[in-house]
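Note sheet for the following structure.
All values below were derived from every heavy atom in this structure, side-chain atoms included, with hydrogens, water molecules and symmetry-related copies excluded. Since the model is a prediction, treat every value here as computed from it, not as a measurement. A note on names: the letters A, B, ... follow the listed sequences, proteins ahead of strands, and every chain is numbered from 1.
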Amino acid sequence: MRDVAVVGFAQSDSMRRETDRNEVEILIPVMQELRKKTGLTNDQVDFVCSGSSDYLAGQSFAFIAGLDAVGAWPPICESHLEMDGAWALYEAWVKIQMGYADLALVYGFGKPSMGDLPLTMALQLDPYTTMPLWPDAISIAAIQARLCQEGGTLSAEEMAERAVRDRGNAKSNPYAQVKGDFSVDGILADPYIANPLRKHDCSPISDGASVMIIASAEKAREFQDRPAFIRGFEHICEPMDFGVRDLTSSKSTEIAAEKAGVRADKIDVAELSAPFTHQEILVERALGLDESTNINPSGGALAGNPIMAVGLTRIGEAAARIWDGSADRAVAHATSGPCLQQNLVCLMEGN
Amino acid sequence: MSEDPIEVFLQPIQLDYDYTAGVSASRFLRAIEQGKLLGQRCPVDGRVYFPSRGSCPQHAVPFADDGAVELPDRGTIVTYSIVRVPSENIPLELPYITVQVLLDGADTVLMHVLDGDLDTVRMGLRVEAVWKPKEEWTTSLANILYFRPLDEPDADYDSYKEHI
Ligand SMILES: [Zn+2]
């Protein structure tokens with residue numbers, strides 16, 4: 001395996017509704033900021049990979065416009081995934097492992113405010129039996145939360161604790177959308193929006209983008225004195241049919257964490273992309289995290305959820321803790337599909 | 001085999017969007033509503049992109065607001081095709097000609113239709129826009145009904161060869 005490290009990152013604010021700019025106009029200043037911070041020029045980039053969803057834009061091939069922010073002449077080596085940018089990072093990492101590239105530029109962007117996100121998300125369900133019922137994403141997550149609560153896996157209090165922690169942490173994150181001091185009692189007094197989920201159990205809907213550079217060890221130190229070396233990188237997918245899955249645990253996160261070697265040593269920082277409080281608990285447990293880990297110092301997905309960028313942003317936030325020396329070992333998580341169907345785990349170390 | 005009748009149900013799924021054209025495309029659309037054709041100049045190499053857009057796709061730099069360039073409604077055909085199948089919203093009888101027009105002063109081509117002679121249409125032909133009546137103008141490139149040939153000598157091949 002080649003040593004590959006995350007060496008550059010920039011992100012936009014998580015915004016509930018960007019009224020004027022389109023998707024690529026949200027991305028352009030983030031790309032500019034990354035170039036300014038790192039001095040990156042296109043001739044240094046061997047591979048470009050992006051994640052976005054045409055369903056959010058409501059236009060086929062909408063992702064092509066993203067290349068306006070990259071600069072694609074002279075011709076570049078480029079790929080796109082209809083996935084969160086975290087998976088685009090995985091593809092870039094594989095490309096570097098295979099020796100086809102030494103440095104890659106990766107980005108994710110989305111503008112869900114143009115449509116009705118919970119309904120748009122229904123289109124990722126099984127197209128024969130589930131999707132035609134058109135269940136919204138919050139109701140689907142609520143079914144999972146109810147299974148967890150009724151089976152004794154977790155409680156409403158524990159869920160509220162995650163919202164309090166993450167939104168409190170997000171006070172120091174200038175890009176976060178939902179932040180502040182909340183209390184468990186206060187949250188539990190709120191009405192349900194899809195029983196047993198309250199508003200605070202759900203991540204916000206966010207427009208936004210993030211951009212990252214990864215590089216082989218030889219190039220990494222040109223950008224960072226203390227690169228965040230990727231020591232484990234795995235993603236595992238569970239079946240599409242809810243009926244054959246155990247929705248009260250996150251088996252795929254568990255397997256990915258095991259393969260990535262997450263539990264081999266203490267984890268200083270974890271950044272989780274779970275969009276609902278009960279899912280965050282399931283992911284924490286699957287990763288084997290406890291009080292010794294600083295979980296979601298940025299606030300995680302519950303404080304800002306720029307869909308298609310949020311997972312990549314978790315990796316960028318975790319890497320930043322290694323760059324600044326506040327962590328030696330950090331893990332980032334990204335998810336895709338309903339009820340934590342597919343999960344990605346990225347383990348990074350400073351040494 | 002089961003004798004049960006097969007039942008079919010239809011579940012129409014519709015997603016509605018509040019589409020945002022974006023800052024630069026909106027600027028273009030507001031201008032064409034006034035009968036103006038707005039391009040955008042790249043601050044790096046000075047090339048003019050039409051319609052105006054948010055950044056240079058070659059140099060990946062944001063276009064500044066003061067880089068807007070108003071272009072004339074005349075130009076040169078750099079390539080064309082004769083269409084023999086019907087299509088919606090085309091104000092011409094079949095067969096008609098689709099053209100790529102390089103507006104004078106622009107560095108990217110505009111796709112439109114030509115009201116011209118099938119036998120004499122050619123690369124280099126000079127053309128001008130025919131607009132809808134002013135009271136029908138909206139925020140749409142369809143404000144231009146079609147292009148028609150100008151009574152001018154053809155453009156020199158060297159003047160448009162980069163844009164084919
Ligand atoms: Zn340019």
query = Are B:L15 and A:D116 close enough, and set up right, to give a side chain to side chain contact (heavy atoms under 4.5 Å, CB included), and what steps lead you there?
reply = CA-CA 7 Å; B:L15 292 173; A:D116 184 336; 5.7 Å; no
message = Which heavy atom of B:V61 sits nearest to which heavy atom of A:Q32, and what is that distance?
response = CA-OE1, 4.1 Å
inquiry  = With heavy-atom distances below 4.5 Å as the criterion, would you say the side chains of B:I13 and A:M131 are in contact?
reply    = yes
key: From CG (A:N42) to CD (B:Q58), nearest 0.5 Å   = 10.5 Å
ask   = Where the side chain of B:Y17 meets the backbone of A:Y55, is there a donor-acceptor pair that is under 3.5 Å apart?
value = yes
Spacing of A:R21 atom CZ and B:S26 atom OG [to the nearest 0.5 Å] = 13.0 Å
Atom CZ of A:R16: over 12 foreign heavy atoms under 6.0 Å = yes
query = What closest approach, in Å, do B:G54 and A:E25 show between heavy atoms, and which atom pair accounts for it?
reply = CA-OE2, 4.1 Å
note = Closest non-hydrogen contact found for A:D20 with B:T20 is O-CG2, 3.5 Å
ask   = In terms of heavy-atom contacts, does CD of B:E88 have more than 12 from other residues, nucleotides or ligands at under 6.0 Å?
value = no
task = Write down the atom of A:W134, the atom of B:Q14, and the distance for their closest heavy-atom approach.
result = CH2-O, 2.7 Å
Test item: A:N22 side-chain N/O and B:A21 main-chain N/O as donor-acceptor pair under 3.5 Å = yes
message = Between A:V70 and chain B, with a heavy-atom cut-off of 4.5 Å, which part of the residue counts as in contact: side chain, backbone, both or neither?
response = backbone
message = Is A:T19 close to chain B through its backbone or its side chain, or both, or neither, when contacts mean heavy atoms under 4.5 Å?
response = backbone
request  = Kindly give the heavy-atom pair with the smallest separation between B:A60 and A:G71, and that separation in Å.
outcome  = CB-N, 3.5 Å
ask   = What pair of heavy atoms forms the shortest contact from A:I28 to B:P62, and how long is it?
value = CG2-CG, 3.9 Å
query = Side chain, backbone, both or neither: which part of A:Q59 has a heavy atom under 4.5 Å from chain B?
reply = side chain
inquiry  = Please classify the contact between A:L123 and chain B as side chain, backbone, both or neither, with a heavy-atom cut-off of under 4.5 Å.
reply    = side chain
Heavy-atom neighbours of A:K37 NZ exceed 12 at 6.0 Å = yes
task = Flag yes if more than 12 heavy atoms outside B:R41 fall under 6.0 Å of its CZ atom; otherwise flag no.
result = no
Under 4.5 Å from a heavy atom of chain B, the part of A:A122 involved = neither
query = With a 4.5 angstrom heavy-atom cut-off, which part of A:M31 approaches chain B: side chain, backbone, both or neither?
reply = neither
Toward chain B, the part of A:L119 with a non-hydrogen atom under 4.5 Å = both
